[in-house]
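Down below is the structure, laid out as structure tokens.
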There are 2 protein chains.
Amino acid sequence: MSHTLADEIRRRLGDLSPAERKVARVLLAGYPATVFETVATIAERASVSAPTVLRCASRLGFKGFPDLQAALRSELDARTASPITLYENSGSSEHSASARPEGTSDARLGAALSLVRQAVSQTFDEIAPHEFYDAVNLLSDPRRRVHVAGGRFTHLLAQYLGLHLTQFRDQVHFLPDRDVERASFLTQLARRDVTVVFDYRRYEPDKTVMAELARERGGKVIVFTDPWLSPAAAHADVVLTTQVTSDSPYDSLTPALALVESLVAAVLDRIGDEGHERMKMSESVAKRTGLI
Amino acid sequence: MSHTLADEIRRRLGDLSPAERKVARVLLAGYPATVFETVATIAERASVSAPTVLRCASRLGFKGFPDLQAALRSELDARTASPITLYENSGSSEHSASARPEGTSDARLGAALSLVRQAVSQTFDEIAPHEFYDAVNLLSDPRRRVHVAGGRFTHLLAQYLGLHLTQFRDQVHFLPDRDVERASFLTQLARRDVTVVFDYRRYEPDKTVMAELARERGGKVIVFTDPWLSPAAAHADVVLTTQVTSDSPYDSLTPALALVESLVAAVLDRIGDEGHERMKMSESVAKRTGLI
DNA sequence: AGCCAAATGTACCGTGTGTTACGTGTGGGA
DNA sequence: TCCCACACGTAACACACGGTACATTTGGCT
């Protein structure tokens with residue numbers, strides 16, 4: 001691996017014929033944008049004929065020109081990382097040291113901090129305001145029942161969201177843990193309901209089914225997912241994407257939590273006084289039952 | 001003129017129809033590579049028809065789909081930057097309020113973002129490295145059983161920590177929900193055990209009791225709490241304080257989660273190869289039981 | 001319920017694409 | 001001088017691409 005397409009072109013520049021070399025220079029000069037131009041355009045820029053561009057591509061070892069473009073595309077996105085492979089890549093370098101000097105944990109915290117800050121910032125920057133406010137509106141509508149569901153780790157986010165919503169609105173339901181209960185839960189999805197699904201890789205098929213089902217029943221669907229988009233996103237009315245980068249093999253849910261908290265805050269804001277009433281009420285109930 | 005094509009798409013996401021929005025999301029998810037795919041391919045990825053992709057492009061103000069691609073191309077070579085720097089520009093260091101001119105819709109998110117960033121930073125800055133490191137050591141010790149417990153909201157953090165630890169070490173136990181089980185849980189606390197308690201205001205008396213009990217039995221106690229310090233902190237060997245400021249009536253647990261994730265990462269790092277073994281094993285078990 | 005408008009998919013078309021086959025030119029070796 | 005291999009351009013082609021007109025469905029409103 002290791003080599004980028006540009007490096008590869010530079011390396012094999014010597015094997016090319018003069019006219020082909022002109023093509024390669026044009027490609028490198030405008031890298032990576034030029035690669036996505038049409039063959040004819042590139043040919044014109046390099047002052048050669050179209051077939052020369054083709055020959056250049058094939059001599060570089062590509063099946064055709066689209067093949068070369070595809071190679072660059074897949075180089076541009078950095079996906080395909082399962083927790084295991086991440087672990088194997090990262091851990092190898094400085095592993096053996098057993099007794100860590102004091103500074104190390106400090107360094108770890110510092111590195112983690114900047115990663116988290118970056119991830120949270122990017123997440124919030126990339127949230128389309130419209131999506132966020134659609135979600136707020138849906139969750140603020142008292143006539144809609146709310147269902148929340150999450151996966152292996154993310155069910156905790158679902159519960160967190162649900163717990164907060166419960167504080168100031170009715171009809172918040174959690175996806176049960178056990179299969180039998182889940183079935184009856186899913187049959188109860190109705191029109192006007194809004195379903196919130198957390199689905200991060202590895203995506204869980206039942207989340208997609210759930211979203212699809214909720215949609216078919218005429219309900220609205222909100223999906224929290226990572227930048228690679230859960231398949232459930234296909235059936236969603238609102239998709240909220242959060243970054244997951246971290247310095248460990250596991251995805252970070254911190255940006256997701258931050259977004260959930262903002263969502264809760266916005267919903268509370270939106271519901272306003274009614275919500276306040278309910279908060280007070282639930283507090284007094286809690287006091288009388290001695291739960292506080 | 002908004003700055004990058006991605007920003008422009010996000011901004012106008014609201015003007016798009018649902019199916020068109022799916023297209024936009026696919027474009028953003030694989031940005032910038034996906035934009036150079038063919039219309040048909042993108043349509044398939046977004047689970048819509050090709051014309052929808054076309055309509056999406058034209059509604060975004062482009063003359064045709066090639067026009068959109070051309071726009072991205074000229075954006076790519078405008079900045080000599082690599083695709084990665086396209087992201088990093090968006091939200092790195094100084095993010096004071098004026099960075100987002102978008103108006104009311106963004107105001108909430110913008111404000112929330114800077115609050116969160118502030119809170120996370122302060123939290124990490126104020127963590128004493130040796131406390132963190134002590135916690136890592138305690139949780140990395142395979143001879144110690146680990147017990148986790150949390151409150152009304154924070155039990156989710158406890159579970160999150162526990163779930164992760166379970167991935168690469170044995171003997172992780174969760175404080176049960178029901179009272180009777182709790183009793184027996186508490187009686188089982190033994191020497192050498194380490195108990196992790198999350199206690200944020202309003203502090204819950206049983207958490208303090210639990211910490212005290214664990215200490216008496218000769219175990220170690222780690223307490224996560226807010227800056228006003230839970231009474232349980234009095235019986236703790238390690239106290240990890242996290243900020244809770246937010247723009248809603250509720251405390252934010254985002255900094256706490258970020259710290260938990262860092263802790264998990266550090267423990268995993270510390271345990272090293274053994275943990276790696278266990279991760280692989282648990283993956284294979286999960287596969288065989290069809291849980292993935 | 002029933003209508004209307006927007007949204008979306010289906011079927012089809014023209015065109016520009018990448019590609020191939022072939023012809024022309026050029027340089028080096030007897 | 002002839003020859004031949006190689007480099008390159010020209011021309012023609014198949015096809016898949018983006019684009020459009022129209023049918024169908026959806027969803028909101030009265």
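Note that the coordinates shown come from a computational prediction; the quantities given were computed from them, not determined experimentally. All values below were derived from every heavy atom in this structure, side-chain atoms included, with hydrogens, water molecules and symmetry-related copies excluded. We name chains A, B, ... by the order of the sequence lines, and we start the count at 1 in each one.
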> Rounded to whole angstroms, how far apart are CG on A/L16 and C1' on D/dA7?
Replying inline: 13 Å
> Looking at the side chain of B/S17, which of D/dG18, D/dA11, C/dA7 is the nearest nucleotide?
Replying inline: C/dA7
>> Taking any heavy-atom pair under 4.0 Å as a contact, classify B/A40: base, sugar-phosphate, or nothing.
In response: sugar-phosphate
>> Rounded to whole Å, please give me the gap between CG in B/D15 and P in C/dA6.
In response: 16 Å
> Closest nucleotide of DNA chain D for A/K220 versus for B/P66: which of these residues is on the 5' side?
Replying inline: B/P66
>> Under a 4.0 Å threshold between the charged nitrogen and the carboxylate oxygen, would A/E37 count as salt-bridged to B/R73?
In response: yes
>> If the threshold is 4.0 Å, N to carboxylate O, is there a salt bridge linking A/D251 and A/R201?
In response: yes
>> Can you work out whether A/R215 or B/A50 has the more 5'-proximal nearest nucleotide on DNA chain D?
In response: B/A50
> What does A/T52 touch in the nucleic acid at a heavy-atom separation under 4.0 angstrom: a base, only the sugar-phosphate, or nothing?
Replying inline: sugar-phosphate
>> Quick one about A/Y200 and A/T242 (side-chain donor to acceptor, distance below 3.5 Å, no hydrogens or angles considered), yes or no?
In response: yes
>> Please pick, from C/dA7, D/dG19, C/dT19, the nucleotide with the shortest atom-to-atom distance to any side-chain atom of B/R59.
In response: C/dA7
>> Whole angstroms only, please: what is the CZ-C1' distance between A/F65 and C/dG18?
In response: 10 Å
> Base, sugar-phosphate, or nothing for A/P18, non-hydrogen atoms under 4.0 angstrom?
Replying inline: sugar-phosphate
> Across the strands shown, which category fits B/V53 at heavy-atom distances under 4.0 angstrom: base, sugar-phosphate, nothing?
Replying inline: nothing
> Would you call A/D141-A/K220 a salt bridge at under 4.0 Å N-O?
Replying inline: no
>> What is the distance, to the nearest angstrom, from the CZ atom on B/R55 to the P atom on D/dA21?
In response: 12 Å
> Taking for each residue the nucleotide of DNA chain C bearing the nearest heavy atom, is the 5' side occupied by A/Q69 or by B/E20?
Replying inline: B/E20
> Taking CD from B/E37 and P from D/dC17, how many angstroms apart are they, rounded to a whole number?
Replying inline: 11 Å
> Taking CG from A/D67 and C1' from C/dT19, how many angstroms apart are they, rounded to a whole number?
Replying inline: 14 Å
> Within this structure, what is the CD1-to-P distance between B/I42 and D/dC17, rounded to whole angstrom?
Replying inline: 11 Å
> Roughly how many Å is it from CD in A/E44 to C1' in C/dT17, rounded to a whole number?
Replying inline: 15 Å
> For A/T38, which contact category applies under a 4.0 Å heavy-atom criterion: base, sugar-phosphate, or nothing?
Replying inline: sugar-phosphate
> Can A/E212 and A/R215 be counted as an ion pair, charged N to O under 4.0 angstrom?
Replying inline: no
